[in-house]
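Treat the numbers as computed from the prediction; the structure is a model and nothing was measured.
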Amino acid sequence: MTANELLKYAKNIRNASAHSKPIILSLDPRKQRNQFLATLAKEIKFTEKQIRIKKLHDILAIFKLHKIYCSQGVHDSKIELFKEYFVRYDSNQHYYNDNLNIKRFFSGLRLLVDKFV
């Protein structure tokens, strides 16, 4: 898969950020989107429902592009930011205990970070 093909998915996250749309909106599983990313998600051990979450799908595209085009130093610093984010999530996890979609999203995000370390 080319970078140009992955960029259209990365653009979705960029646009959501630019327009202040919270990432935890619309986390319900939908239909599968891109076969290359679905295969990569299966290698990471995503569940079928995690593969179909649009935001995880798009974030996976960003991680793949980041791994290919960014230096190891940049990569390491971003992984550290994610680890700090998970500490914060864990300390407030009780807010999300009743929402299966949010829990599914964050477990998928952890798998992504672990895979791309």
Verdict with supporting geometry, E5 and F36, side-chain contact (heavy atoms from CB on, under 4.5 Å) | CA-CA 10 Å; E5 293 173 75; F36 172 78; over 6 Å; no
For F82 and F63, run ring pair (Phe, Tyr, Trp, His ring centres under 6.0 Å): C-alpha distance rounded to whole Å, both residues' side-chain angles, the deciding distance at 0.1 Å, then the answer.
-> CA-CA 12 Å; F82 268 107; F63 271 67; 5.3 Å; yes
Report the C-alpha distance between I53 and F46 in whole Å, list the side-chain angles of each, state the deciding distance to 0.1 Å, and finish with yes or no for side-chain contact (heavy atoms from CB on, under 4.5 Å).
-> CA-CA 10 Å; I53 296 173; F46 272 20; over 6 Å; no
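Criterion: ILVMFWY side-chain heavy atoms under 4.5 Å apart, direct or through other members. Under it, Y85 and Y95 are part of a common hydrophobic cluster. Both L56 and L7 belong to a single network of hydrophobic side chains, linked directly or stepwise wherever heavy atoms of I, L, V, M, F, W or Y lie under 4.5 Å apart. V74 and L81 end up in different hydrophobic clusters when Ile, Leu, Val, Met, Phe, Trp and Tyr side chains are linked at under 4.5 Å.
A 6.0 Å sphere centred on NZ of K115 holds no more than 12 heavy atoms belonging to other residues, nucleotides or ligands. Heavy atoms of other residues, nucleotides or ligands lying less than 6.0 angstrom from NZ of K21 number 12 at most.
Using a 4.5 Å heavy-atom threshold, the side chains of L60 and I44 count as touching. When side chains are defined from C-beta on, L65 does not count as touching C70, because their heavy atoms never get closer than 4.5 Å.
Remark: the backbone N or O of N34 is paired with a side-chain donor or acceptor of H57 at under 3.5 angstrom.
Below 30°, between 30° and 60°, or above 60°: for F106 and F86 the angle between ring planes is above 60°, a perpendicular geometry.
Identified under the salt bridge (Lys or Arg N to Asp or Glu O under 4.0 Å) test for residues 94-114, with sequence neighbours left out: D90-R110.
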